*Asks:* 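Below is the structure I would like to discuss, written out as structure tokens.
Throughout, protein chains are lettered first and strands after them, A, B, ... in sequence-line order, and every chain is numbered starting at 1. Keep in mind the model is a prediction, meaning the values are calculated, not measured.
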2 protein chains.
Amino acid sequence: MADYYKDEAKHYVAVDCIIFGFDGNRLKLLLIKRNFEPGKGQWSLMGGFLKENEGLDNAAQRILEQLTGLQDIFLEQLLTYGEVDRDPAARVLSVAYYALINTSNFDEFKAKNYKGSWFELTEMPELIFDHAEMVDKARKRLRRKAKNQPIGFELLPQKFTLPQLMKLYEAIYDQKFDKRNFRKKLLSYNILKMLDEKDKKGSRKGAFLYQFDADKYEKMILNGFSFEL
Amino acid sequence: MADYYKDEAKHYVAVDCIIFGFDGNRLKLLLIKRNFEPGKGQWSLMGGFLKENEGLDNAAQRILEQLTGLQDIFLEQLLTYGEVDRDPAARVLSVAYYALINTSNFDEFKAKNYKGSWFELTEMPELIFDHAEMVDKARKRLRRKAKNQPIGFELLPQKFTLPQLMKLYEAIYDQKFDKRNFRKKLLSYNILKMLDEKDKKGSRKGAFLYQFDADKYEKMILNGFSFEL
DNA sequence: CCAAAAGTGTTCAGCTTACACCCATGA
DNA sequence: TCATGGGTGTAAGCTGAACACTTTTGG
């Protein structure tokens with residue numbers, strides 16, 4: 001095949017992942033200690049270069065899997081960063097993705113290979129390049145998204161309690177909610193299934209466990225419903 | 001400087017622009033007839049390749065200016081399309097941007113160089129590659145954005161009437177609004193300045209002209225206000 | 001004088017918010 | 001028995017939606 005574009009410039013393209021996790025209390029971010037130049041030894045988002053015959057979404061999945069061992073994770077493209085000087089070593093475009101994982105089933109062993117560790121958003125170290133900007137953008141996206149879709153559930157274990165869910169939303173929005181109003185609202189969507197079990201880790205009384213009911217949610221959006229917090 | 005990345009792949013990166021315009025009645029899209037292979041003679045978004053030492057946003061501005069002669073236009077990155085086979089001629093990433101222009105001061109002469117012409121969204125021709133997908137995404141973004149920021153004003157001339165503004169919103173959302181409610185709501189934001197002039201093009205009675213008051217809007221968002229339609 | 005678009009208020013329903021006490025349990 | 005977090009209902013204010021008639025003026 002003729003290369004119609006052969007006179008055009010070619011560019012390095014990286015994919016960087018903003019990985020959010022929730023430990024039951026606070027919203028956290030998975031960062032790695034960079035083990036190559038430039039910026040070796042500094043904190044950074046997990047990333048990698050886009051390969052010759054690899055789709056962007058695939059690259060993001062690959063990179064996420066390398067670090068966490070997880071597949072089939074919520075992953076969404078955020079924005080592409082293309083300032084000429086953003087990487088001091090060379091002109092590199094970076095396509096940012098953000099991911100939501102629940103920390104319970106994540107592979108600590110893999111993460112150790114990259115010196116990955118979790119940080120509270122309030123206690124983030126300094127990041128290389130424009131990564132802090134990416135994180136900020138991702139937080140905003142997460143807030144917006146969580147208003148329109150129940151993506152918060154990606155961050156929780158399969159069974160969770162309403163106090164846990166509320167803590168998650170409080171962490172995402174960095175504000176307190178009234179528990180009566182919160183329960184009323186969430187239950188009114190009819191996308192939660194209450195189970196017979198209680199989780200007693202949080203209190204002596206124990207809190208009922210719930211499951212997210214994806215079927216009901218599908219039906220709900222098919223009927224033109226819009227999830228709003 | 002050492003090229004730490006020299007073993008990594010490099011890629012062609014294009015920038016494609018979804019250009020919305022409003023002619024006072026309907027929301028339109030500016031498309032060009034492609035004059036190079038592949039896809040020569042087919043309808044397409046205006047685009048171009050990212051140059052060696054050019055930032056992404058700059059590239060988008062350059063491309064927009066080439067076609068419309070306009071500078072300082074609302075322009076926002078949408079998403080990057082990176083499927084391996086999206087362009088049949090070569091592996092090309094495309095960073096999509098969308099722009100809002102008011103058609104009154106746009107340079108038809110320049111547009112003719114590219115065989116550019118306006119299409120109603122309902123009468124769009126078939127587009128090359130994944131451009132239709134980009135347009136669809138841009139429409140959704142425009143709707144969302146117009147709810148939270150008064151970007152609609154980018155699409156209007158500096159002075160406009162409330163009926164015009166309402167028509168614009170009706171075009172963006174593809175639905176009718178009640179004019180009493182619409183006026184009440186928009187005026188309640190206090191970001192419009194009524195002028196002493198009337199525009200008589202639309203009716204014998206004439207409609208008062210308004211101007212968008214950017215100062216008041218800045219103050220409004222500083223005070224934590226959220227613009228909602 | 002009439003056609004055509006501009007302009008104008010009120011009511012009702014539903015949603016959001018604020019708010020305080022009892023319950024169950026393990027230690 | 002008590003400390004701790006879990007669970008529950010109601011009232012007030014606000015916002016969004018529905019709805020119809022009068023005004024202006026060029027032809």
*Asks:* So, does the side chain of Lys184(A) form a donor-acceptor pair with the base of dT16(C) at under 3.5 Å?
*Replies:*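 There is none.
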*Asks:* In whole angstroms, how far is the P atom of dA6(C) from the CE atom of Met166(B)?
*Replies:* 9 Å
*Asks:* Checking only heavy atoms, does the side chain of Lys200(A) share a donor-acceptor pair with the base of dG26(C) at less than 3.5 Å?
*Replies:*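 No, the side chain and the base share no sub-3.5 Å donor-acceptor pair.
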*Asks:* Ring centroid separation for Tyr169(A) and Phe177(A), is it under 6.0 angstrom?
*Replies:*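 Centroid distance Tyr169(A)-Phe177(A): not below 6.0 Å, so no.
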*Asks:* Side chains of Asn148(B) and Glu228(B): any donor to acceptor distance under 3.5 Å?
*Replies:* yes
*Asks:* So, Tyr97(A) and Glu76(A): side-chain donor and acceptor under 3.5 Å apart, yes or no?
*Replies:* no
*Asks:* Return the CG to CE distance between Asp16(A) and Met46(A), rounded to the nearest 0.5 Å.
*Replies:*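 These two atoms lie 9.5 Å from each other.
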*Asks:* Below 3.5 Å, does any donor atom in the side chain of Arg180(B) face an acceptor in the base of dA20(D), or the other way round?
*Replies:* yes
*Asks:* What's Lys185(B) touching, base or sugar-phosphate or nothing? Going by heavy atoms closer than 4.0 Å.
*Replies:* sugar-phosphate
*Asks:* Which whole-number value in Å describes the distance from Gln175(B) CD to dG16(D) P?
*Replies:* 14 Å
*Asks:* Which whole-number value in Å describes the distance from Asp199(B) CG to dA5(C) C1'?
*Replies:*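 Value for this atom pair: 12 Å.
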*Asks:* So which nucleotide from dG7(C), dG26(D), dG6(D) ends up closest to the side chain of Phe208(B)?
*Replies:* dG7(C)
*Asks:* Which comes earlier along DNA chain C counting from the 5' end, the contact point of Gln164(B) or that of Asn181(B), where each point is its nearest nucleotide?
*Replies:* Gln164(B)
*Asks:* Compare side-chain N and O positions of Arg183(A) against OP1 and OP2 of dG7(D) and report whether any pair is under 4.0 Å apart.
*Replies:*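 Yes.
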*Asks:* Kindly say whether the aromatic ring centers of Phe153(B) and Phe160(B) come within a distance under 6.0 Å.
*Replies:*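 Close enough - the centres of the two rings lie under 6.0 Å apart.
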*Asks:* Taking atom types as they are modelled, is there a donor-acceptor pair under 3.5 Å from the base of dA4(C) to the side chain of Lys205(B)?
*Replies:* no
*Asks:* The side chain of Ala207(A) is closest to which nucleotide in this list: dG7(D), dC19(C), dG7(C)?
*Replies:*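 From the listed options, dG7(D) comes nearest.
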*Asks:* Nearest whole Å is fine: how far is dG6(D) P from Lys201(A) NZ?
*Replies:*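 Going from Lys201(A) (NZ) to dG6(D) (P), I get 13 Å.
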*Asks:* By nearest nucleotide on DNA chain C, pick out whichever of Lys179(A) and Ser203(A) is the more 5' one.
*Replies:* Lys179(A)
*Asks:* Rounded to the Å, how far apart are Lys176(A) NZ and dT17(C) P?
*Replies:*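 Between P of dT17(C) and NZ of Lys176(A): 17 Å.
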